[in-house]
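If you scroll down you'll find the structure; I have some questions about it.
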Amino acid sequence: MSKYFPSVKELPPDPLFGLKARFTSDSRSDKVDLGIGAYRDNNGKPWILPAVKKAEAQLVSGANYNHEYLSIEGFAGFVNSAARIILGDDSVAIKENRLLSQQSLSGTGALHVAGKFLKEFYHKSDAKIYLSKPTWANHNQIFQTLGFETATYPYWDNDTKSLDLTGFLKAIDDAPKGSIFLLHACAHNPTGLDPSKTQWLEILDKLVANDHLPLFDSAYQGFASGDLELDSYSIRTAVNSKKFSAPIVICQSFAKNCGMYGERVGAVHVIPSETNEALNKAIVSQLKKIIRSEISNPPAYGSKVVATILNDPELFKQWKDDLITMSSRINQMRIKLRDSLVELQTPGTWDHIVNQTGMFSFTGLSSDMVKRLEEKHAVYLVSSGRASVAGLNEHNINKVAKSFDEVVRFYTKSKL
Ligand code: LMR
């Protein structure tokens with residue numbers, strides 16, 4: 001192709017952002033976007049959380065407001081509060097001085113910093129990283145770009161539309177000791193299917209028994225159930241049990257739960273199992289080197305907004321109300337979609353839509369059905385059949401249900 005770039009090949013568009021671009025250029029007035037995971041209000045519009053609006057007003061009118069550089073590790077008022085939110089005030093990791101936190105470019109940046117650090121310093125330098133099957137498409141490319149070999153563990157059982165716990169546990173046992181397991185802390189993306197508390201205990205115990213390193217991706221805390229504590233159950237249990245001798249790593253995003261998608265607010269937390277001041281200093285210095293070399297220092301604005309919310313009791317209460325507003329509207333839409341499909345007698349079973357949680361429903365629609373939805377009905381979903389339930393509202397739910405019904409019947413008929 002070129003003497004200087006002989007192997008460069010054009011890649012297909014990113015599955016999610018490519019979908020967004022197709023949706024934007026579609027001129028049909030009744031189009032519906034159930035693609036990218038971003039919350040919409042009942043009129044299909046982006047929603048600035050009331051807590052965020054108030055925090056922004058407070059922040060920009062403050063005497064000390066400026067646009068100076070943050071330090072490499074980020075805005076302290078944000079990083080410390082973010083850690084408390086995810087781990088709980090009484091976390092043993094905080095009490096025992098085993099918590100090493102840095103601000104990141106949202107969840108993706110946190111995964112990247114964590115991956116880069118692990119690739120260089122984790123004692124098993126050839127450790128594979130195990131991803132759920134299916135998982136968020138970006139997980140694969142983040143870790144492959146960093147030179148990891150990725151593998152999968154069974155997660156979604158398509159026949160029962162539920163968790164394949166047996167397959168998951170077996171994969172944990174079969175993986176070489178000391179592997180890295182990426183776990184969705186809550187609101188699994190794309191399936192919307194989370195382990196129960198008892199299932200989490202089994203999963204965590206198995207990871208401990210095999211000396212694997214848990215790498216938690218927490219992108220939906222408070223967004224799934226409306227409750228910050230419940231949505232951090234897996235993480236808090238792993239940390240507070242003190243059973244892990246491997247370190248625990250947490251990648252935390254505030255994109256969804258604060259609706260701060262474009263501001264890239266997040267943190268990466270490394271929790272070694274032993275308290276060792278020299279080790280702590282060494283790890284922090286290496287994390288800072290990665291951050292400095294890649295982004296110099298993290299973006300300030302979003303982290304200051306989130307810090308304002310987390311450190312002001314009234315704004316914090318408002319945020320908790322906002323989380324309930326978002327999660328309960330999504331739950332209502334789940335129920336409406338299920339009920340409409342049942343009423344239309346759409347072939348198949350639809351209870352999984354209400355049993356799932358968070359932003360997404362793994363509908364069970366095939367890629368052919370999804371293609372037809374887009375072409376014939378202007379309803380946009382990811383080809384895996386994942387629908388962003390946040391894109392549903394009172395005005396489009398009937399159209400969406402009827403469109404689902406048409407494509408399911410179309411392909412059910414053509415199979416007979
Ligand atoms: C999604 O899965 O739709 C979101 O997490 C957006 C993204 O960055 O992929």
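Counting begins at 1 with the first residue of the sequence. In listed order, ligands and their atoms are each counted from 1.
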Determine the interplanar angle of the Phe360 and Tyr220 rings, folded into 0 to 90°, and report it as parallel if under 30°, tilted if 30 to 60°, perpendicular if over 60°.
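Rings of Phe360 and Tyr220: perpendicular, as their planes differ by over 60°.
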Face-on cation placement of Lys256 at Tyr39 ring, 6.0 Å and 45° thresholds
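Negative - Lys256 is either too far from the ring of Tyr39 or too far off its axis.
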Mind telling me whether Tyr65 and His67 have parallel, tilted or perpendicular rings, with 30° and 60° as the class edges?
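Because their plane-to-plane angle is over 60°, the rings of His67 and Tyr65 count as perpendicular.
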Side chain to side chain donor-acceptor pair (under 3.5 Å) involving Gln286 - partner list, sequence neighbours excluded:
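For Gln286 there are no side chain to side chain donor-acceptor pair (under 3.5 Å) partners, ignoring immediate neighbours.
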Side-chain donor/acceptor of Ser232 to backbone N/O of Ile235, under 3.5 Å:
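Not confirmed, Ser232 side chain does not pair with Ile235 backbone.
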Short N or O contacts of ligand 1 with protein, under 3.5 Å, listed by atom name?
residue  : atom  : partner : partner atom : Å
ligand 1 : 2 (O) : Trp136  : NE1          : 3.2
ligand 1 : 2 (O) : Asn189  : ND2          : 3.0
ligand 1 : 2 (O) : Arg386  : NH1          : 2.9
ligand 1 : 3 (O) : Gly37   : N            : 2.7
ligand 1 : 3 (O) : Arg386  : NH2          : 2.8
ligand 1 : 5 (O) : Lys256  : NZ           : 3.0
ligand 1 : 9 (O) : Trp136  : NE1          : 2.9

Parallel, tilted or perpendicular: rings of His139 and Trp136 (30°, 60°):
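Perpendicular.
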